[in-house]
Asks: 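Have a look at the structure that comes next, please.
These numbers come from the heavy atoms of this one structure, side chains and all, not from hydrogens, waters or symmetry mates.
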Amino acid sequence: MYDFSSIVKKFQIDGQFVSCVRYGEGHINQTFLLTMDEGEKRKDYILQRINDKLFTDVERLMNNIKLVTEYNRKQIASRGGNPDRESLSLVYATDQKPYAFVEGAGYFRVYKFITDAIAYQNVEKPEHFYQSAIAFGNFASLLSNFDASTLYESIPDFHNTEKRYQNFLRAVEEDRAGRKSLVQKEIEFVKARKDYCSRIVGLLESGNMPKRVTHNDTKLNNVMLDSVTGEPVAVIDLDTIMEGSLCYDFGDSIRFGCNHADEGEPDLSKVNFDIDLFRQYTKGYLKAVGDSITKVEKDNLAFGAILMTYECGMRFLTDYLEGDTYFRIKHQKHNIDRTRMQFKLVTDMEKVLPEMEKIVNEY
Ligand code: ADP
Ligand code: GN1
Ligand code: MG
């Protein structure tokens, strides 16, 4: 696939190359587990080929990650923590850059491997979901004084649902993959909820909701939990750190974690919104963000969960209509299965929105 032993030589990594194999379930980058032999012991790293079709300015993307990880490492150290374990840590290239370009292969970066920790693909125990909420909540408060204006917008309008809606309409219009007739029901589902698109964007633009440094991709598998205690270790996958709303981060976690099915589960009878898990997450997140959350954010958390699920479904549907050019797929129907699964969750949440809001107010 790639000449890994020569890629590794571009980084400040000791030892002899042993192996490099595909790793994890991310949809965007290509992730590998790299193992080196250091004589007395073996050492693991995470090597990633950066998706430069999507991240067109790798230099600035990696500068974001450098700024945020260095900031977090300092904060963690000053609190007596272990930065190598509690933060994503870059291994620099031999030219001191936080990435390396390899002719004919692309852009690569290396992270220290976070040991004895797991990134869960599904909520196996409610406690894990609660702990992931603590992790993302702590992450938000760790960055609450970080100057957002120093960050580059790595994917412009990432959670701008109005723009996402326009892109969706264009994809329907163009019908590049000739699939439009197969998904009329889903297209109508999106159109019927057009009003959702302007709510949070409007609050942010009018200055009525604070803009914060947010992670923007707060899936359960973007947090590492201790493999023994289940306690939070580190938040990972920092490609989309940008200015955003707390409601996006909260909402995306709920979207992914508050059910017991895989993201592309085709059997919708297995896809059900679990309000008990919603309670767990809400409890953990509000505890971790503490007093820093404002009333307008709190009032919109539950809606944010519906919005992020709707947005993600709309993005999967757009990708299906465009011929699967964005998200990595495992089979031809993967994006439409993912779409239907998101829309089932939206429908479930719409039915219990008042109950969700009540839970938010309890904590
Ligand atoms: P993507 O952007 O494609 O989602 P991620 O950065 O989330 O890629 O990485 C994919 C998976 O690799 C994660 O879900 C996790 O299992 C694993 N992973 C990533 N970084 C580390 C790390 N520093 N230590 C251990 N595992 C990691
Ligand atoms: C992608 O990179 P990954 O797999 O953590 C996507 C998210 C989606 C998610 C859906 C940069 O996340 O926005 O919510 O898939 N990331 C990007 O699973 O587009
Ligand atoms: Mg990821």
Side-chain angles (χ1 to χ4, degrees), residues 1-24 26-38 42-77 82-115 119 139 142-143 146-156 158 213-217 222 224 234-243:
M1 179 180 227
Y2 298 111
D3 179 3
F4 290 116
S5 58
S6 66
I7 293 170
V8 166
K9 289 199 185 98
K10 296 247 179 189
F11 289 90
Q12 300 175 29
I13 295 179
D14 295 333
Q16 293 295 316
F17 174 81
V18 176
S19 61
C20 197
V21 291
R22 273 308 282 273
Y23 195 74
H27 299 336
I28 303 297
N29 299 298
Q30 281 174 277
T31 302
F32 303 90
L33 172 65
L34 165 69
T35 304
M36 302 295 290
D37 184 349
E38 293 188 339
R42 291 196 163 183
K43 194 164 171 186
D44 292 332
Y45 297 88
I46 287 289
L47 172 78
Q48 281 182 324
R49 184 186 182 282
I50 302 166
N51 181 338
D52 59 334
K53 207 172 94 190
L54 172 60
F55 300 109
T56 49
D57 192 336
V58 172
E59 174 89 34
R60 293 180 80 193
L61 167 79
M62 292 311 297
N63 189 52
N64 276 1
I65 296 180
K66 182 181 161 182
L67 289 174
V68 170
T69 53
E70 283 178 357
Y71 180 88
N72 283 352
R73 288 174 60 84
K74 275 192 200 128
Q75 298 254 73
I76 291 162
N82 174 359
D84 279 352
R85 189 161 145 77
E86 294 165 41
S87 166
L88 209 47
S89 308
L90 283 161
V91 174
Y92 287 79
T94 49
D95 62 4
Q96 313 303 331
K97 286 193 176 183
Y99 66 89
F101 178 71
V102 181
E103 205 57 53
Y107 291 90
F108 289 83
R109 67 182 165 209
V110 176
Y111 292 117
K112 291 185 183 167
F113 190 84
I114 298 170
T115 54
F139 185 80
L142 205 61
L143 286 166
F146 185 93
D147 180 3
S149 70
T150 60
L151 291 178
Y152 150 71
E153 200 177 358
S154 60
I155 303 181
F158 192 59
V213 178
T214 43
H215 182 282
N216 296 304
D217 189 3
N222 285 332
M224 312 274 318
V235 166
I236 60 170
D237 199 348
L238 305 178
D239 289 323
T240 50
I241 286 246
M242 287 178 277
E243 227 176 29

Asks: Is Q16 atom CD crowded by more than 12 heavy atoms from other residues, nucleotides or ligands, each under 6.0 Å away?
Replies: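 It does not: Q16 CD has 12 such atoms or fewer within range.
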Asks: Give a yes or no on whether the backbone of T31 and the side-chain of N29 come within a donor-acceptor separation of less than 3.5 Å.
Replies: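 No.
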Asks: Within the structure provided, determine whether F146 and L67 are in side-chain contact (heavy-atom separation under 4.5 Å).
Replies: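 Yes - at least one pair of side-chain heavy atoms lies under 4.5 Å apart.
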Asks: Testing V235, D217, L238 for side-chain contact (heavy atoms from CB on, under 4.5 Å) with N222, which one passes?
Replies: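 In the set V235, D217, L238, the residue that makes a side-chain contact (heavy atoms from CB on, under 4.5 Å) with N222 is D217.
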Asks: Measure across L90 and K66 and return the closest heavy-atom pair with its distance rounded to 0.1 Å.
Replies: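 The pair with the smallest heavy-atom distance is CD1-CA, 3.8 Å.
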Asks: Check whether any side-chain N or O of R49 sits under 3.5 Å from a backbone N or O of A105 as a donor-acceptor pair, and report yes or no.
Replies: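 The answer is yes, because a donor-acceptor pair under 3.5 Å joins these two groups.
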Asks: Can you confirm whether or not the ring centre of F108 sits under 6.0 Å from the ring centre of Y2?
Replies: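 Centroid separation for F108 and Y2: below 6.0 Å.
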Asks: Can you see which heavy atom on Y99 is nearest to which on A93, and at what distance?
Replies: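 Residues Y99 and A93, closest heavy atoms: O-CB, 3.5 Å.
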Asks: Listed by chain and number, what are the salt bridge (Lys or Arg N to Asp or Glu O under 4.0 Å) partners of D237, not counting sequence neighbours?
Replies: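 Expected list: none.
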Asks: Can you tell me if N64 uses its side chain to pair, donor with acceptor, with the backbone of L151 under 3.5 Å?
Replies: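 A pair under 3.5 Å: no.
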Asks: For D147 and T150, test the side chains for any donor-to-acceptor distance below 3.5 angstrom and give the result as yes or no.
Replies: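 No pair is found: no donor N or O on one side chain lies under 3.5 Å from an acceptor on the other.
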Asks: Is any side-chain heavy atom of N82 closer than 4.5 Å to one of I76?
Replies: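 I76 does not reach N82 side chain to side chain.
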Asks: What is the ring orientation for Y107 with F101, classed by angle as parallel under 30°, tilted 30 to 60°, or perpendicular over 60°?
Replies: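 Y107 vs F101 ring planes: tilted.
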Asks: Please report the closest heavy-atom contact between P98 and R109, naming both atoms and the distance.
Replies: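 Answer, listing the atom of P98 first, then R109: O-CB, 3.9 Å.
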Asks: For a quick check under 3.5 Å, do N51 and D239 share a side-chain donor-acceptor pair by atom type?
Replies: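 The criterion, which ignores hydrogens and geometry beyond distance, is not satisfied for D239 and N51.
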Asks: To check you understand the geometry: which heavy-atom pair defines the closest contact between I114 and D84, and what is its length?
Replies: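 For I114 versus D84, the nearest heavy atoms are CG1-O, 4.4 Å.
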Asks: Taking salt bridge (Lys or Arg N to Asp or Glu O under 4.0 Å) as the test, write out the residues that go with E243, two or more places apart.
Replies: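 Partners of E243 by the salt bridge (Lys or Arg N to Asp or Glu O under 4.0 Å) criterion come out as none, since no residue qualifies.
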Asks: Would you mind reporting whether S154 and M242 have side-chain heavy atoms less than 4.5 Å apart?
Replies: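 M242 vs S154: side chains touch.
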Asks: Do Y111 and I65 come close enough that some side-chain heavy atom pair is under 4.5 Å?
Replies: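 Yes, at least one pair of side-chain atoms sits under 4.5 Å.
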Asks: Can you see which heavy atom on T240 is nearest to which on N216, and at what distance?
Replies: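 Closest heavy-atom pair between T240 and N216: O-ND2, 2.8 Å.
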Asks: Taking all non-hydrogen atoms of both residues, which atom of V91 and which atom of Q12 are closest, and how far apart?
Replies: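 In terms of heavy atoms, the two residues are closest at CG1-O, 3.6 Å.
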Asks: Can any side-chain N or O of S89 pair as donor or acceptor with the backbone N or O of S87 at less than 3.5 Å?
Replies: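 Here the side-chain-to-backbone pair exists.
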